[in-house]
Amino acid sequence: MVAVAWLTGCATITPGECKSAYETGFRDALYGLQRQDDIWVPLCEKQGARLDLADYGRGWQEGKYERDRRTVHGGVD
């Protein structure tokens, strides 16, 4: 719920931010969010940009690995 409020509040997203799909996915996962592509895609489309879902997915997966690694070692939560 917080993620939805946060992301919809970012309606001022730029096309350049949509192009950095890997970083966006990595950040989402590092924050402990589930995949947010269903939120990012329409936001990017409103800006005339396209979110590369494959890059987003790779970034999210690697961000999840990093979050899990940090959590296991007591760093995040």
Side-chain angles (χ1 to χ4, degrees):
M1 191 69 150
V2 172
V4 173
W6 178 74
L7 288 174
T8 54
C10 293
T12 58
I13 187 171
T14 66
E17 290 171 298
C18 294
K19 291 180 183 176
S20 58
Y22 177 90
E23 289 82 6
T24 301
F26 189 91
R27 184 194 61 222
D28 285 353
L30 200 58
Y31 288 156
L33 302 174
Q34 295 296 317
R35 287 186 59 147
Q36 303 292 309
D37 28 358
D38 58 333
I39 295 172
W40 284 111
V41 167
L43 286 175
C44 291
E45 287 175 352
K46 285 181 183 178
Q47 296 297 322
R50 186 180 74 78
L51 181 73
D52 185 326
L53 291 175
D55 278 351
Y56 179 87
R58 278 190 293 278
W60 187 89
Q61 190 62 55
E62 290 187 25
K64 182 175 181 339
Y65 289 145
E66 180 64 18
R67 178 178 171 79
D68 290 347
R69 184 187 68 78
R70 291 180 186 184
T71 302
V72 168
H73 292 82
V76 172
D77 294 317

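Each residue takes its place number in the sequence, starting with 1. All of these numbers come straight from a predicted model, not from anything done at the bench.
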Rounded to the nearest 0.5 Å, how far apart are CG of Asp28 and CZ of Arg67? 12.0 Å

Could you tell me whether a side-chain N or O of Trp40 sits under 3.5 Å from a main-chain N or O of Arg35, the two making a donor and an acceptor? no

How about Glu23: does its CD atom have over 12 heavy atoms from other parts shown lying under 6.0 Å from it? yes

Hey, could you give me the CG/CG distance between Asp52 and Asp37, rounded to the nearest 0.5 Å? 11.0 Å

First locate atom CG of Leu33, then atom NZ of Lys64, and finally report the distance between them rounded to the nearest 0.5 Å. 12.5 Å

Check: Gln36 main-chain N/O paired with Tyr56 side-chain donor or acceptor under 3.5 Å: yes

Would you compute the distance between atom OH of Tyr22 and atom CD of Glu62 and round it to the nearest 0.5 angstrom? 3.0 Å

Hey, what do you get for CG (Asp68) to CZ (Arg70), rounding to the nearest 0.5 Å? 11.5 Å

Please find the pair of heavy atoms, one from Pro42 and one from Ile39, that lie closest to each other, and give the distance. CD-O, 3.3 Å

Which pair of heavy atoms, one from Cys18 and one from Leu51, lies closest together, and at what distance? O-CD1, 3.6 Å

